[in-house]
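What follows is a single structure, written as structure tokens, with notes after it.
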Amino acid sequence: MSASNIWVVTEPSGGAPLPVALELLTKARSLAAAGGGSVSAVGWGADASSMAAAAGEYGAATYYDVGDIGEQLPGPAVAAAIASLIASGQSPDVILIGATYDGRDIAGRLSARLDRPVITNVVGLEDSGGSLQSEHGIFGGTQVAKARFTADGPGLFVVRAKSFAAEASGGSPAQVGAAPVPDLAAVGSARIAARHAEERSGPKLDEAEVVVSGGRGLGDKESYALIEELAKLLNGAPGASRAIVDAGWVPYAYQVGQTGKTVKPNVYIACGISGATQHMVGMKSSKNIIAINKDEQAPIFSIADLGIVGDVHKVLPKLIEALKSRA
Amino acid sequence: MCVKQIPDPAAPAALDPSTRNLVRDGKLIMDESDLYGVEMGLQLIDAAGGGEVTLVSMAPNGETNGLRNALAMGAAKAVLVSDPALAGSDALGTAKVLAAAIRRGPFDLVLAATESTDGYTGTMPVQLAELLGVPSVTFAKKVTVDGASLKVDRQTEAGYDEVACPLPAVVTVTAGVVEPRFPSFKGIMAAKSKPLETLSIADLGLDAASVGGAGAREEVVDVQQAEARQAGQLVTDEGDAHEKVIAFLEDLKLI
Ligand SMILES: Cc1cc2nc3c(=O)[nH]c(=O)nc-3n(C[C@H](O)[C@H](O)[C@H](O)COP(=O)(O)OP(=O)(O)OC[C@H]3O[C@@H](n4cnc5c(N)ncnc54)[C@H](O)[C@@H]3O)c2cc1C
Ligand SMILES: Nc1ncnc2c1ncn2[C@@H]1O[C@H](COP(=O)(O)O)[C@@H](O)[C@H]1O
């Protein structure tokens, strides 16, 4: 399938698109320019004008506004709104969706509604002789697979955050078009009754310049405070391996790796993390990697620029003291 | 409860050189990710004081080993859809097959894992919900039944949302939200005689062209070795390793 008419699901967060949406708009812009096509954004929420302005700044000509969906879950509502636009004659070749909690719901719902497959876990996209190919890290990122659709469009791609860099093009605000939600009947019947935000200061995990992650080598939940303190001193974000997320030491949102976030900070500091392939696939594109592990055979050292064979309970407190005394 | 049976993740995985699909012809085991959903289903039934957990699984090669394991945990019965035509299924094809199997009987709640260990598309359960025409709540960390409705704590970027969701519904759970029980000896013995029905796609009235490899309208065109990252310097801590870290961060002008 060609890739000239590209839609980007532009998920809102506090009146502005999520970073992953800006990354996808940037990529869509360059793919569409090569194919002589255009980029449209589809977003929702109460802030259509600021969303359309941001979408335009990153290259979208049109912003389809699903509107304020209130306490509904975005998955069925946004998917149905997109399906209605398509039923009324719009024909995107490609729809790009960020791999977020709601993005995956939208993709799954849309796939079933349109009877089109969806390609997930995309980390790259390229135009290969007029057909769009997606790239995927497989077997823990040791190999790269390329895939494509063999059916008619639209091709649905769910793309992981940090796959592309976001760059504004300085475009004027996108033209706003309406994308109303049709009657959803039972599929739209779930409602958000309350939202709970956990206290978290500092930069976001997938946007931070420095990420300090802890693993099972910390020994216990209380020791995670060392990770938080170090992250704070470096103006970074704390992260985690799945082992300690599953153990309940930190929330799932902290997880780095295949089933968690992809991070590409300037510096990633892995503390007491063995370096399972599923963890490494989420952080091995960091510019610099420091690992602290007491086992010199730990696989994490094979990708670390600086490896410290040592005990986190000895190294981290000294590192924290040294940084404090410089402040 | 949707239970996926997968090749042992500890064994080295491989792609079929001609189709570039994952090789799945060996022995399959239960995907560990599904243990949490099975456990959650059993707990909900205990709390409701009645009902039963039925397992549904799709696998091309008639494998029942993983299902016996979940039956031993306490599920009442299992339905396996198995057909050679199902080889090479994608997530939407899988959802079509499981939807047809689930529609054969009444259901209140369909549970699945948020994503599978081998495919990890994370879209199958939502596709299934759309095909069944029911609401879905993904990334659940806590589920309670409140009359004809569910109360689900759904994980979010910021924390979690409390979602009220009428039944019937599809819910996906992440690893670690409940502690899966170990099958007892009695459970293992009982599992041997629990009903396990095997259906073909013809039994479900499905057309072979719309499912399996034939229905999967995407293909892997190329697989290459990824660029490997090189190891840098390795130092053993003699009480001064933190200074090495400081120097490294100074070089990067981060401090
Ligand atoms: C489908 C699937 C998806 C997965 N997705 C993810 C994912 O997204 N992210 C992820 O992280 N994992 C993921 N995993 C899990 C992964 O395989 C590993 O189990 C996990 O990453 C291990 O976490 P860990 O390194 O903290 O623990 P361990 O592997 O137990 O390693 C602990 C390390 O700490 C070291 N250590 C112990 N004590 C000390 C000390 N005092 N000082 C210094 N070092 C010490 C040990 O030498 C060891 O290397 C996934 C697994 C599967 C099957
Ligand atoms: N073939 C299958 N049989 C039963 N359940 C499945 C199958 N494929 C996927 N599932 C369920 O859907 C979840 C998500 O799968 P996936 O979309 O592959 O990430 C799995 O963890 C299972 O709970």
Side-chain angles (χ1 to χ4, degrees), chain A residues 75 101 104-105 107-109 111-113 117-121 133 137 139 141-151 186-187 189-198 210 234 245-246 248 252-253 259 266-267 284 288 290 301-310 314-315 318-319 322 326, chain B residues 13 20 90-92 95 115 120-123 125-127 129-131 133-139 155-166 169 174-176 216-226 229 231-237 241-246 248-249 252 254-255:
Chain A
Y101 298 80
R104 288 206 322 198
D105 282 5
R109 290 273 171 189
S111 154
R113 272 196 178 244
V118 43
I119 293 185
T120 47
N121 288 305
Q133 289 188 358
F139 303 146
T142 55
Q143 294 184 28
V144 179
K146 291 185 183 169
R148 69 164 176 230
F149 289 108
T150 55
V187 300
S189 57
R191 288 288 175 278
I192 300 169
R195 300 177 202 257
H196 299 268
E198 266 140 23
V210 178
L234 296 171
V245 172
D246 286 358
Y252 172 75
T259 39
N266 190 352
V267 181
K284 73 185 175 102
N288 298 281
I290 302 175
F301 288 135
S302 70
I303 61 162
D305 301 290
L306 175 61
I308 307 282
V309 182
K314 297 204 176 103
V315 180
K318 281 190 190 157
L319 182 55
R326 297 165 63 98
Chain B
R20 302 194 188 88
D90 66 357
L92 184 57
E115 58 186 30
Y120 57 99
T121 78
T123 53
V126 186
Q127 290 162 322
E130 184 70 25
L131 295 172
V134 301
S136 55
V137 187
T138 50
F139 289 96
Q155 303 177 65
T156 63
E157 196 55 50
Y160 69 96
D161 288 347
E162 278 173 49
V163 180
C165 180
T174 55
R217 290 154 292 173
E218 67 256 11
E219 61 179 5
V220 177
V221 289
D222 183 35
V223 179
Q224 272 171 22
Q225 212 59 36
R229 203 184 163 112
Q233 57 163 327
L234 191 64
V235 293
T236 300
D237 181 31
H242 59 285
E243 288 165 12
K244 290 268 196 294
V245 179
I246 297 269
F248 190 93
L249 296 172
L252 295 171
L254 274 166
I255 51 173

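Proteins come first, then strands; the chains are lettered A, B, ... in the order of their sequence lines, and each starts at number 1. No hydrogens, no waters, no symmetry mates; every other heavy atom, side chains included, goes into these values. It should be emphasised that the depicted structure is a prediction, and the values quoted were computed from it without experimental measurement.
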Counting heavy-atom pairs under 4.5 Å with chain A, which one of [options] comes out on top?
options	answer
B:Arg217, B:Gln233, B:His242	B:Arg217
B:Asp222, B:Val134, B:Val223, B:Val163	B:Asp222
B:Leu252, B:Thr236, B:Asp161	B:Asp161
B:Asp90, B:Leu131, B:Ile246	B:Ile246
B:Leu92, B:Leu249, B:Thr123, B:Thr174	B:Leu92
B:Glu218, B:Arg229, B:Glu115	B:Arg229

In terms of heavy-atom proximity below 4.5 Å to chain A, should [X] be classed as side chain, backbone, both, or neither?
X	answer
B:Ile255	both
B:Ala95	neither
B:Val235	both
B:Ala164	both
B:Tyr120	both
B:Phe139	side chain

Minimal non-hydrogen separation, [X] against [Y], with atom names:
X	Y	answer
B:Ser136	B:Ala129	CB-CB, 3.7 Å
A:Pro117	A:Phe149	O-CE2, 3.5 Å
B:Val220	A:Ala145	CG1-CB, 4.2 Å
A:Phe301	B:Ala231	O-CB, 3.4 Å
A:Ala147	A:Ile119	CB-CD1, 4.2 Å
A:Asn288	A:Asp305	CA-OD2, 3.3 Å

Counting only non-hydrogen atoms closer than 4.5 Å, does [X] touch chain B with its backbone (N, CA, C, O), its side chain (CB onward), both, or neither?
X	result
A:Ala193	both
A:Ile303	both
A:Asn121	side chain
A:Val210	side chain
A:Ile308	both
A:Ser302	backbone

Can you tell me how far the CD atom of B:Gln155 sits from the NE2 atom of A:His196, to the nearest 0.5 Å? 13.5 Å
Hey, what do you get for CG (A:Leu319) to NZ (B:Lys244), rounding to the nearest 0.5 Å? 13.5 Å
Between [options], which has the largest tally of heavy atom pairs under 4.5 Å with chain B?
options	value
A:Gly248, A:Gly310, A:Ala197	A:Ala197
A:Val245, A:Thr142, A:Val315, A:Val118	A:Thr142
A:Ala322, A:Ala112, A:Gly307, A:Ala186	A:Gly307

State, with a plain yes or no, whether a side-chain heavy atom of B:Leu254 is found less than 4.5 Å away from one of A:Leu234. no
Pair A:Ser111-B:Gln127, side-chain donor/acceptor within less than 3.5 Å: yes
